[in-house]
2 protein chains.
Amino acid sequence: MAQNLRHDEILKIARDLGKVTVDGLSREFEVTAQTIRRDLTELCDMGHLTRVHGGAIPPSSVINPGYEERSLLAVHEKEAMAQLCASKIPDGASLFLNIGTTTEAVARALLNHKNLMVITNNFNVAKILSTSPHSEVIVTGGVLRRSDGGLVGDVATEIIRQFRVDYAVIGIAAIADDGMLLEHDFREVRVTQAIIENARQAFLVADEIKFNRRAPVRIASLADMDAFFTDKAPPARLQKLCDDHEVAVHIAK
Amino acid sequence: MAQNLRHDEILKIARDLGKVTVDGLSREFEVTAQTIRRDLTELCDMGHLTRVHGGAIPPSSVINPGYEERSLLAVHEKEAMAQLCASKIPDGASLFLNIGTTTEAVARALLNHKNLMVITNNFNVAKILSTSPHSEVIVTGGVLRRSDGGLVGDVATEIIRQFRVDYAVIGIAAIADDGMLLEHDFREVRVTQAIIENARQAFLVADEIKFNRRAPVRIASLADMDAFFTDKAPPARLQKLCDDHEVAVHIAK
DNA sequence: CCCATAACGAACAATTTCGAACATAGAGCA
DNA sequence: TGCTCTATGTTCGAAATTGTTCGTTATGGG
């Protein structure tokens with residue numbers, strides 16, 4: 001990885017000005033445009049810049065601050081899982097969707113459903129579904145957590161208890177070996193538990209990554225779910241747990 | 001993924017000013033209007049802006065179909081009012097913002113303030129302010145009303161009562177001759193009243209149009225406000241009411 | 001209601017930028 | 001010295017962007 005002399009400087013300029021141009025840099029460093037293009041190509045491959053015609057800009061500075069990278073992880077798998085999950089939810093159903101990028105994917109997959117009633121503490125889910133004229137969206141209150149669009153706070157629990165819905169669609173941070181569902185933030189525990197308690201059926205949606213992750217806060221057990229949507233066959237122990245507790249396992253594609 | 005050198009900057013300008021014009025941008029970037037039109041078309045296709053005749057505005061109301069068709073003129077006046085109102089709110093303040101497109105404009109004008117704490121039952125306001133890393137946003141829960149992004153429901157009142165903030169920024173549907181502040185939906189009455197009660201100062205923001213409108217539900221009186229921001233001098237009777245009750249009247253431009 | 005004006009979008013031409021391939025220069029090393 | 005390796009310059013056809021023109025469509029004023 002031969003770090004180029006210009007690279008640091010280019011990044012600095014890009015951050016200062018919000019952009020760099022091939023032409024400007026080639027004059028600045030007194031090299032040919034082609035050399036600058038090669039620099040920019042490398043910097044973009046490393047993810048430090050985004051290439052545009054005529055130059056480059058810092059990666060998605062306005063388009064979607066920070067959040068995008070995480071949601072880009074395994075887009076296709078998430079999409080397929082979400083579609084599968086959505087296909088099990090009929091038109092006219094009422095449902096909860098909790099915090100997490102996975103549930104956002106489900107929200108997108110539900111855009112063409114009709115007459116849904118969706119209750120969510122996920123600001124992004126509300127944003128997505130608000131574009132569909134077919135469904136009613138109810139948002140729980142709370143502090144808006146910028147990192148993931150979560151609405152955090154106890155009021156959510158109260159609002160959720162006012163409903164008794166058909167489905168709960170749950171996304172989580174990690175699944176332990178023994179089937180424990182885990183989250184990072186203890187404030188979400190009660191909310192998610194309330195969601196599970198007040199739904200007739202609970203669907204867990206979690207991609208393979210969650211099998212190998214850790215998180216500190218215990219929310220519930222995989223055994224409490226009615227269905228489990230994922231993208232790869234789960235480890236044997238989890239599969240057995242599902243079999244023992246009659247949790248339907250759906251693997252996308 | 002057809003990103004362009006100008007796109008990022010156009011979005012920034014649109015967010016700062018609440019609008020962009022084809023003419024203004026073509027001068028700014030020194031390219032022809034047609035090129036700017038192409039840029040705007042792409043940004044709109046990606047959903048980052050909403051096109052209007054002569055320019056584009058942030059899609060703060062993807063939800064609100066009527067709003068998109070309004071002319072840039074109205075946007076401009078609202079913007080001036082909003083800027084004026086925002087200028088009276090110091091960094092570090094806590095405030096309520098209620099439902100209405102006017103308060104959305106104020107939210108945009110507040111984007112560069114630091115360390116604000118904003119409590120709102122306006123989904124669009126939350127969306128706008130969530131892009132700023134400087135402020136904390138708290139949303140009340142409720143049913144998401146697609147027509148204007150309002151969060152409707154009684155929980156809002158409860159949440160609001162948990163706070164005692166510095167400023168309440170109130171937008172309303174109409175002002176009667178005698179200074180009554182009016183709304184269309186009775187469900188908003190208690191929420192807005194709670195907002196006024198729990199703020200040290202109440203700011204009313206309303207453009208000229210509101211003087212000549214009618215609405216059925218009484219919320220409060222202009223006399224209860226501490227300041228009134230508008231874009232044209234109000235009718236004599238209202239002006240007198242303000243004078244009598246020490247309501248500061250601020251007329252934009 | 002009609003008209004003048006501005007804004008719009010499509011099509012085409014002119015220009016700029018891109019990336020690949022190849023050439024060149026200099027550094028490091030046996 | 002002769003060799004290799006890397007960074008850079010050069011050239012050129014392809015692709016993308018931009019400017020121009022023109023007929024169509026909104027908007028605001030009489």
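The sequence lines fix the lettering, A, B, ..., with proteins before strands; numbering per chain opens at 1. All values below were derived from every heavy atom in this structure, side-chain atoms included, with hydrogens, water molecules and symmetry-related copies excluded.
- D/dA7 atom C1' lies 15 Å from atom CZ of A/F29, rounded to whole Å.
- Here B/R37 reaches the OP1 or OP2 of C/dC8: one of its side-chain N or O atoms lies under 4.0 Å away.
- Note: CD1 (B/I36) to C1' (D/dT20) measures 16 Å, nearest angstrom.
- Side-chain proximity of A/Q34 to the nucleotides D/dT18, D/dT10, C/dC18 is greatest for D/dT10.
- In this structure, A/L40 atom CG and D/dT8 atom C1' are separated by 15 Å, rounded to whole Å.
- The pair B/K240-B/D244 counts as a salt bridge, with a side-chain nitrogen and a carboxylate oxygen less than 4.0 angstrom apart.
- Nearest-nucleotide positions on DNA chain C place A/D23 closer to the 5' end than the other of A/R38 and A/D23.
- The side chain of B/H53 has D/dT27 as its nearest neighbour among C/dG9, D/dT27, C/dA21.
- If you take OG1 on A/T230 and CG on A/D207, they are separated by 6.5 Å, rounding to the nearest 0.5 Å.
- Note: CZ (A/R27) to P (C/dT17) measures 10 Å, nearest angstrom.
- What separates CG of B/L25 from P of D/dG19 is a distance of 13 Å, to the nearest Å.
- Close to D/dT18, at under 4.0 Å from its OP1 or OP2, lies a side-chain N or O of B/N4.
- Nearest nucleotide to the A/R51 side chain, out of D/dT10, C/dA11, C/dC18: C/dC18.
- For A/T32, whose side chain is taken as the heavy atoms from C-beta onward, the closest listed nucleotide among C/dC8, D/dG19, D/dT10 is D/dT10.
- Rounded to whole Å, the distance from CG on B/D39 to C1' on C/dA7 is 16 Å.
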**Request:** Could you please spell out the steps behind the side-chain contact (heavy atoms from CB on, under 4.5 Å) verdict for B/I13 and B/L25?
**Result:** CA-CA 9 Å; B/I13 296 173; B/L25 289 175; 4.1 Å; yes
**Verdict with supporting geometry, B/L204 and B/I175, side-chain contact (heavy atoms from CB on, under 4.5 Å)** = CA-CA 11 Å; B/L204 178 70; B/I175 306 178; 4.1 Å; yes
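- Following rounding to the nearest Å, B/E30 (CD) and C/dT15 (C1') show an atom-to-atom distance of 17 Å.
- A/R146 places a side-chain N or O within donor-acceptor distance of the main-chain N or O of B/S130, the cut-off being under 3.5 Å.
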